[in-house]
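Below is one structure, written out as structure tokens, with a few remarks after it.
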Protein chains: 2
Amino acid sequence: MDYYEDMEVGDVTEHGSKTMTKAEIIEFATKYDPQPFHLDEEAAEETFFGGLAASGWHTAAVCMRLLVDGVLRDQASMGAAGVDELRWKRPVYPGDTLSVRVEVLEKDPDPNDPTRGRVRSKLTGLNQDGDPVISWEGLGLVARREPADAEE
Amino acid sequence: MDYYEDMEVGDVTEHGSKTMTKAEIIEFATKYDPQPFHLDEEAAEETFFGGLAASGWHTAAVCMRLLVDGVLRDQASMGAAGVDELRWKRPVYPGDTLSVRVEVLEKDPDPNDPTRGRVRSKLTGLNQDGDPVISWEGLGLVARREPADAEE
């Protein structure tokens, strides 16, 4: 299990992969983002996407799954406060295969909780051509192996 | 249909609602965020959530659905570039009923595309007590009714 103490600023790791299917794109969009360009191939052809494309929230959710499987399962994660600068950079189409790159940007002890630290990481979702399709900066909370000293 | 010209900075609207079920929380988490506190009631009791809680990405997706039904269906939306400052403010538990409040923060013509404008809106997801559970600033792109003049 990786704790706060084990994380190093500048660490970069890659994890994957997941191929997007037309059925999953339509299923997610039907539940959570029922706009024509996420639901229907013909309607999507007339739009700026030029064809059926995944909801950006679906792309985010798939990248989260790759992050859980690749990183969080082996980390003493205590969740996240949020994400900054989430950007959808390219459409994701059926058949695209996604992977994620994770870079540790910053870490500091949580001033309000000696049992954990705060870790800012940049996640980039890449397609099979290595082109970024999404990115965000995650504000993770990670348990410490040893509680911080009172004077830290 | 609402176009870029119809949106006013300061406009605030509320839309909802959706009640979260245990089955949907577990189904989403199984696919996209399989961490113990989103999957299993007993395991979740031991964690900082104190009980089974929705994935933050599930909460975001449900709020997106309320935004589509309440706002985007009647808007000449051309998607979004991303979101800033997404924050998970409170856990969402089975039985919680969510609604969204949307405020238009800023709008300006897209300097690169005379057919559309950029609209920054704050979305806040609220539970049945009116307490915020999530918020973000969305960077929407909205079609203009009339293309911008060349000199604008």
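It should be emphasised that the depicted structure is a prediction, and the values quoted were computed from it without experimental measurement. In what follows, every chain begins at residue 1, and chains take the letters A, B, ... in the order their sequences are listed.
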Side-chain heavy atoms under 4.5 angstrom apart, residues restricted to Ile, Leu, Val, Met, Phe, Trp, Tyr: same cluster for [X] and [Y]?
{"X": "B/V133", "Y": "B/V102", "result": "yes"}
{"X": "A/Y4", "Y": "A/V104", "result": "yes"}
{"X": "A/L123", "Y": "A/M20", "result": "yes"}
{"X": "A/Y93", "Y": "A/F37", "result": "no"}
{"X": "B/L52", "Y": "B/L98", "result": "yes"}

Mark yes when over 12 heavy atoms from residues, nucleotides or ligands other than B/K122 sit less than 6.0 Å from its NZ; otherwise mark no.
->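 Counting other residues, nucleotides and ligands, NZ of B/K122 stays at 12 neighbours or fewer.
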
Would you find more than 12 non-hydrogen atoms of other residues, nucleotides or ligands less than 6.0 Å from B/R101 atom CZ?
-> no

Within this structure, what is the [atom1]-[atom2] distance for the pair [X] and [Y], rounded to the nearest 0.5 Å?
{"X": "A/D84", "Y": "B/D84", "atom1": "CG", "atom2": "CG", "value": "7.0 Å"}
{"X": "A/Q35", "Y": "B/M64", "atom1": "CD", "atom2": "CE", "value": "4.5 Å"}
{"X": "A/M78", "Y": "B/F49", "atom1": "CE", "atom2": "CZ", "value": "10.0 Å"}

Structural part of [X] lying under 4.5 Å from a heavy atom of chain A:
{"X": "B/K18", "value": "neither"}
{"X": "B/L67", "value": "neither"}
{"X": "B/A80", "value": "both"}
{"X": "B/V68", "value": "side chain"}

How are the rings of A/F28 and B/F28 set to each other: parallel, tilted or perpendicular (split at 30° and 60°)?
->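 Correct class here is tilted.
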
Answer key: most heavy-atom pairs under 4.5 Å with chain A among B/L72, B/L66, B/D33 is B/D33

Residue, of A/A60, A/P34, A/G56, that accumulates the most heavy atom pairs under 4.5 Å with chain B =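 Of the options given, most contacts go to A/P34.
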
Among A/K31, A/E137, A/R73, A/K89, which residue forms the greatest number of heavy-atom pairs with chain B at distances under 4.5 Å?
->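 That would be A/K31.
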
Chain B heavy atoms under 4.5 Å from A/L139: which part of the residue, side chain, backbone, both or neither?
-> side chain

Check: B/R65 side chain, A/T30 main-chain N or O, donor-acceptor pair, under 3.5 Å |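 Present.
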
Smallest separation among heavy atoms of A/S77 and B/F48, with atom names = O-CE2, 4.4 Å

Are the ring centres of A/W136 and B/W136 closer than 6.0 Å?
->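 That pair fails the under 6.0 Å test.
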
